[in-house]
Protein chains: 2
Amino acid sequence: MATPELDRIDRKILDVLQRNARVPLTELAQEVGLSASPVSERVRRLERSGVITGYHAHVNPQALGRPLLVFVELTLSSKSGELFQKLRDELLHEPRVLECHLVSGHFDYLIKARLSAMSEYRELLAQILRKIPVPAQSNSYVVMEEIKEGLALPLDLS
Amino acid sequence: MATPELDRIDRKILDVLQRNARVPLTELAQEVGLSASPVSERVRRLERSGVITGYHAHVNPQALGRPLLVFVELTLSSKSGELFQKLRDELLHEPRVLECHLVSGHFDYLIKARLSAMSEYRELLAQILRKIPVPAQSNSYVVMEEIKEGLALPLDLS
DNA sequence: GCTGAAACTGAATAGTT
DNA sequence: AACTATTCAGTTTCAGC
């Protein structure tokens, strides 16, 4: 997990795998200009060193009946570490919550959730607030159009 | 691309592939309780029908020198369709912007970006605002702790 | 540290129930 | 619609450079 040096070939491998995690090793090898065996070793090294943290299928939310994307800004009236831990646990185990971040600024948490309908939003928010024993303030933002969504990071291929 | 029926086995397949996109077909077949060939057909069908939209390696942002995660709320003073299109194009082609959504509420756009440092944030915001010919207001939120980040959707496996 | 070949493992296809 | 057997493609290992 120590930060390893990433050379040009490693970065190219990451670039390809970010776009298509199921590309055959032989094809990946062609794209980076090596034979299959060193590429296999490099991929394994990137996995073991924690540079690649996983391979995930991306599924269309509409197909699973979750057309609603909502962001919630949450502010807690008390900011004890114990309280934050309680909320963290609740959000981690709630699969409708795709993202959750502790932020600096006008509120404490930014939460991203995919839901079936607005009725589910009210239900989810009530469920979260029920778990924390102090008043909390929330602002929600319903996404009208998804311009872009992904996790792929830019790579310098020079 | 028409919404297909997803039976119990399809949902189980999606559940497994969301967690590990590179699981061997034979292992996937075991987990869902079928032999490899029908599972292969089902996966292909899920891909062709648009339920599975891709397979992506998840890369550690720290390893690529992007320790800073920032959310930006953007409000445009004029809301013409042409202006929105111009901004959309700019954000789509900016790889440091991982997400961008048009929202309803107190601002117009919510943007998520991964950056190397605060200096890069100032530079990115200036670059974006330079492209739009009207005043815009922005609020930014720096992430202090990432509790959860993913794209995996919940699946009913019953 | 990469190449290339050989051995092995997993995937795709066709034919059967 | 799924299973089995066969064929084919992809991956891993290892000797040589």
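So that the names make sense, note that chain A is the first sequence line, chain B the second, and so on, each numbered from 1. As the structure is a prediction and not an experimental result, all values here were calculated from the model.
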What residues 6-13 of chain B contributes to the DNA chain C interface at heavy-atom separation below 4.0 Å is none
By side chain to side chain contact (heavy atoms under 4.5 Å, CB included), B:P154 pairs with (sequence neighbours left out) A:R66, A:P95, A:R96
Taken in chain and number order and not counting sequence neighbours, the residues that satisfy side-chain hydrogen bond (donor to acceptor under 3.5 Å, both in side chains) with A:Q18 are none
From the list A:E149, A:E146, A:E99, salt bridge (charged side-chain N to carboxylate O under 4.0 Å, His left out) with B:K112 holds only for A:E99
The side-chain hydrogen bond (donor to acceptor under 3.5 Å, both in side chains) partners of A:D108 (sequence neighbours excluded) come to A:K79
With sequence neighbours left out, the residues meeting side-chain hydrogen bond (donor to acceptor under 3.5 Å, both in side chains) with B:E47 are B:Y55
Compile the donor-acceptor pairs under 3.5 Å between side chains in residues 80-87 of chain B and protein atoms, sequence neighbours left out, one pair per line.
{"residue": "B:S80", "atom": "OG", "partner": "B:L83", "partner atom": "N", "Å": "3.1"}
{"residue": "B:Q85", "atom": "OE1", "partner": "B:R88", "partner atom": "NE", "Å": "3.3"}
{"residue": "B:Q85", "atom": "NE2", "partner": "B:D89", "partner atom": "OD1", "Å": "3.1"}

Nearest heavy-atom approach of A:V72 to A:L125 is CG1-CD1, 4.2 Å
Residues joined to A:L151 in its hydrophobic cluster, side chain to side chain under 4.5 Å directly or through other members, sorted by chain and number, are B:L151
Inset, instruction - Flag the pair A:R11 and A:D15 as a salt bridge only when some basic side-chain nitrogen lies within less than 4.0 angstrom of an acidic carboxylate oxygen. - result: no
Output for pair (A:L98 CG, A:L91 CG), nearest 0.5 Å, gives 12.0 Å
To the nearest angstrom, the CD-C1' distance between A:E41 and D:dC14 comes to 11 Å
Distances for protein N or O near nucleotides 15-17 of chain D N or O, under 3.5 Å:
none

Please set out all donor-acceptor pairs under 3.5 angstrom arising from side-chain atoms of residues 131-143 of chain A, sequence neighbours excluded.
{"residue": "A:K131", "atom": "NZ", "partner": "A:E90", "partner atom": "OE1", "Å": "3.0"}
{"residue": "A:S140", "atom": "OG", "partner": "A:Y121", "partner atom": "OH", "Å": "3.4"}

- A:V59 side chain reached by B:T53 side chain, heavy atoms, under 4.5 Å: no
Outermost contacting nts on DNA chain C, any atom under 4.0 Å from chain A heavy atoms, listed 5' then 3', are C:dC2 to C:dG4
Within residues 28-36 of chain A, the residues having a heavy atom closer than 4.0 Å to DNA chain D are A:A36
May I ask you to decide if B:R45's main-chain N or O and B:S49's side chain share a donor-acceptor pair within less than 3.5 Å? yes
Worked check of salt bridge (charged side-chain N to carboxylate O under 4.0 Å, His left out) between A:R8 and A:D156: CA-CA 8 Å; A:R8 201 190 171 288; A:D156 178 13; over 6 Å; no
Per the under-4.0 Å heavy-atom filter, residues of residues 16-27 of chain B near DNA chain D come out as none
* Give a yes or no on whether a salt bridge exists between A:D7 and A:R42, defined as a side-chain N under 4.0 angstrom from a carboxylate O. => yes
inquiry  = Quick check on D:dT13: is either OP1 or OP2 less than 4.0 Å from any side-chain nitrogen or oxygen of A:R44?
reply    = yes
